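Note that the structure is a prediction, hence the values are computed from the model and not measured. Scope of the values below: all heavy atoms of this structure, side chains included, with no hydrogens, waters or symmetry mates.
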Amino acid sequence: MTDNVDISSEQAERLEERAQFVRLETIRLIEIAKVGHYSSVFSCAEIFSSLYYDVMNISDDPGWPLRDRFLMGKGHAAVGLFPILADKGYFPTEWLDSYTRLGSPLGDHPDMRKVPGVDFSSGSIGHALSNGVGMALGGRMQDLQFDVFVMLGDGEMQEGQVWEAAISAASHKLSNVIAIIDRNGYQLDGKVDDVMAVEPLDEKWRAFGWEVHEVDGHDIVALTSLLRRVKSDKSREKPCCIIAKTVKGRGIDYMETEPGWHLGYLSREDSEKARQTILNTRITGGAL
């Protein structure tokens with residue numbers, strides 16, 4: 001992690017390549033499972049890349065007390081996180097080949113008891129921010145300096161527990177809690193705002209006492225620069241919310257326009273076409 005908010009072209013290319021890696025590995029692992037959440041991962045691939053390959057302060061020891069924590073409310077995106085954890089050396093890459101198989105530690109949702117590098121067992125939507133607040137308070141009590149990053153789905157904003165946690169974080173002035181909302185506009189049952197409107201998100205988070213920023217979640221330079229700036233700001237007394245505008249299924253055109261791809265399976269032929277599309281496409285934003 002660096003305190004410099006400027007992103008070099010080499011750094012940007014590396015982060016874009018790692019986001020591409022996340023998408024490709026997601027396709028490969030879902031071929032093993034025969035069903036999975038492609039589009040949910042594709043909307044947050046740049047967020048994963050930016051955090052794990054640039055912004056977060058982590059080491060090859062998943063139990064290091066001073067590591068930054070990462071919690072994922074949308075636990076169904078774990079298929080995109082597991083390849084990163086293996087790439088960082090937290091567990092053997094061979095584990096990936098057993099994804100969702102009987103006895104494998106790698107399931108459809110992350111299990112912190114089984115998977116090194118996972119800080120929170122998620123999947124039941126709405127709990128992640130509460131746990132992040134608890135981790136931040138625990139770190140304060142032990143005089144440990146680390147940041148807590150919590151990635152939330154925008155449909156997750158419909159859960160009351162999220163807002164209870166938001167009040168708590170602001171009341172305790174947990175400036176080391178950084179929430180990132182993957183604002184792709186869709187949830188399982190359709191468009192988020194058709195199911196239950198959540199806008200205006202920025203005004204709501206500010207009203208709950210948070211500093212709020214908006215960014216194109218696929219613009220790796222803008223996203224990483226903002227995350228670097230937020231992490232390095234030691235004068236802030238409030239927790240911070242980043243609303244990352246994203247596109248569900250980003251990178252595969254028909255997934256971007258068809259909400260039914262929240263959960264699905266590509267045939268072997270279509271998987272290969274999707275791979276080639278990803279390899280031939282440079283994603284540089286476009287969510288705003």
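- With contacts defined as side-chain heavy-atom distances shorter than 4.5 Å, the pair Cys240/Val177 does not qualify.
- Taking the six-membered ring for Trp and thresholds of 30 and 60 degrees, Trp205 and Trp163 have ring planes inclined between 30 and 60 degrees apart.
- Donor-acceptor pairing under 3.5 Å is recorded for the side chains of Glu31 and Ser271.
- Between Asp270 and Arg275, no side-chain nitrogen of the basic residue sits less than 4.0 Å from a carboxylate oxygen of the acidic one, so the salt-bridge criterion is not met.
- With a 6.0 Å cutoff to the six-membered ring centre and a 45° limit on the axis angle, Arg14 counts as a cation-pi contact of Tyr53.
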Inset, instruction - Applying salt bridge (charged side-chain N to carboxylate O under 4.0 Å, His left out), run through Glu156 and Lys74 and close with a yes or a no. - result: CA-CA 8 Å; Glu156 197 166 354; Lys74 44 179 287 182; over 6 Å; no
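- Under a 4.0 Å N-O distance rule, the pair Glu203/Arg206 does not qualify as a salt bridge.
- In terms of modelled atom types and a separation under 3.5 Å, the side chain of Arg282 and the main chain of Asn280 share no donor-acceptor contact.
- The hydrophobic clustering, which links ILVMFWY residues whose side-chain heavy atoms are closer than 4.5 Å, places Ile220 and Ile283 apart.
- When only modelled atom types and interatomic distance are considered, Gln20 and Glu16 share no side-chain donor-acceptor pair under 3.5 Å.
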Inset, instruction - Determine, step by step, whether Tyr52 and Leu81 satisfy the side-chain contact (heavy atoms from CB on, under 4.5 Å) criterion, reporting the C-alpha distance in whole Å, the side-chain angles of both residues, the deciding distance to 0.1 Å, and the verdict. - result: CA-CA 10 Å; Tyr52 275 90; Leu81 178 62; 3.6 Å; yes
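- Of the listed residues (Leu223, Val230, Thr224), just one forms a side-chain contact (heavy atoms from CB on, under 4.5 Å) with Leu227, and that residue is Leu223.
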Inset, instruction - For Asp108 and Tyr99, run side-chain contact (heavy atoms from CB on, under 4.5 Å): C-alpha distance rounded to whole Å, both residues' side-chain angles, the deciding distance at 0.1 Å, then the answer. - result: CA-CA 8 Å; Asp108 191 46; Tyr99 175 64; 3.5 Å; yes
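- Residues satisfying the side-chain hydrogen bond (donor to acceptor under 3.5 Å, both in side chains) test with His127, not counting sequence neighbours, are none.
- The closest side-chain donor-acceptor pair between Ser43 and Asp182 falls under 3.5 angstrom.
- Screening Ile47, Asp68, Asn176, Asp119 for a side-chain contact (heavy atoms from CB on, under 4.5 Å) involving Phe149 leaves a single residue, Asp68.
- By the 4.0 Å N-to-carboxylate-O rule, Glu46 lies close enough to Arg23 to be salt-bridged with it.
- Residues Ile178 and Ile242 meet the side-chain proximity criterion, which asks for heavy atoms closer than 4.5 Å.
- Taking the six-membered ring for Trp and the full ring otherwise, Tyr38 and Tyr265 have centroids separated by 6.0 Å or more.
- Tyr186 and Asp154 share no side-chain donor-acceptor pair at under 3.5 Å.
- Ring geometry, Phe48 versus Phe70: the interplanar angle exceeds 60°, so the pair is classed perpendicular (tilted spans 30 to 60°).
- Ionic pairing of Asp233 and Arg229 is not present here: no N-O contact between side-chain nitrogen and carboxylate oxygen is shorter than 4.0 angstrom.
- Closest of all the heavy-atom pairs between Ser168 and Val133 is OG-CG1, 3.6 Å.
- One side chain, Gln158 or Gln187, offers a donor N or O that lies under 3.5 Å from an acceptor on the other.
- The closest side-chain donor-acceptor pair between Asp61 and Ser59, if any, does not fall under 3.5 angstrom.
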Inset, instruction - Apply the test salt bridge (charged side-chain N to carboxylate O under 4.0 Å, His left out) to residues Asp216 and Arg183: give CA-CA distance (whole Å), side-chain angles for both, the deciding distance (0.1 Å), then the verdict. - result: CA-CA 10 Å; Asp216 186 329; Arg183 183 64 168 125; over 6 Å; no
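- Between Arg18 and Glu13, no side-chain nitrogen of the basic residue sits less than 4.0 Å from a carboxylate oxygen of the acidic one, so the salt-bridge criterion is not met.
- Salt bridge present: Lys273 and Glu269 bring a charged side-chain N and a carboxylate O closer than 4.0 Å.
- Residues satisfying the side-chain hydrogen bond (donor to acceptor under 3.5 Å, both in side chains) criterion with Lys238, sequence neighbours excluded, are absent altogether.
- Using a 4.0 Å cut-off between a side-chain N of Lys or Arg and a carboxylate O of Asp or Glu, Asp147 and Lys231 qualify as a salt bridge.
- One side chain, Lys248 or His262, offers a donor N or O that lies under 3.5 Å from an acceptor on the other.
- Checked for salt-bridge contact, Asp193 and Lys191 miss the test: no charged N lies under 4.0 Å from a carboxylate O.
- Within a 6.0 Å sphere centred on CD of Gln276, heavy atoms belonging to other residues, nucleotides or ligands number more than 12.
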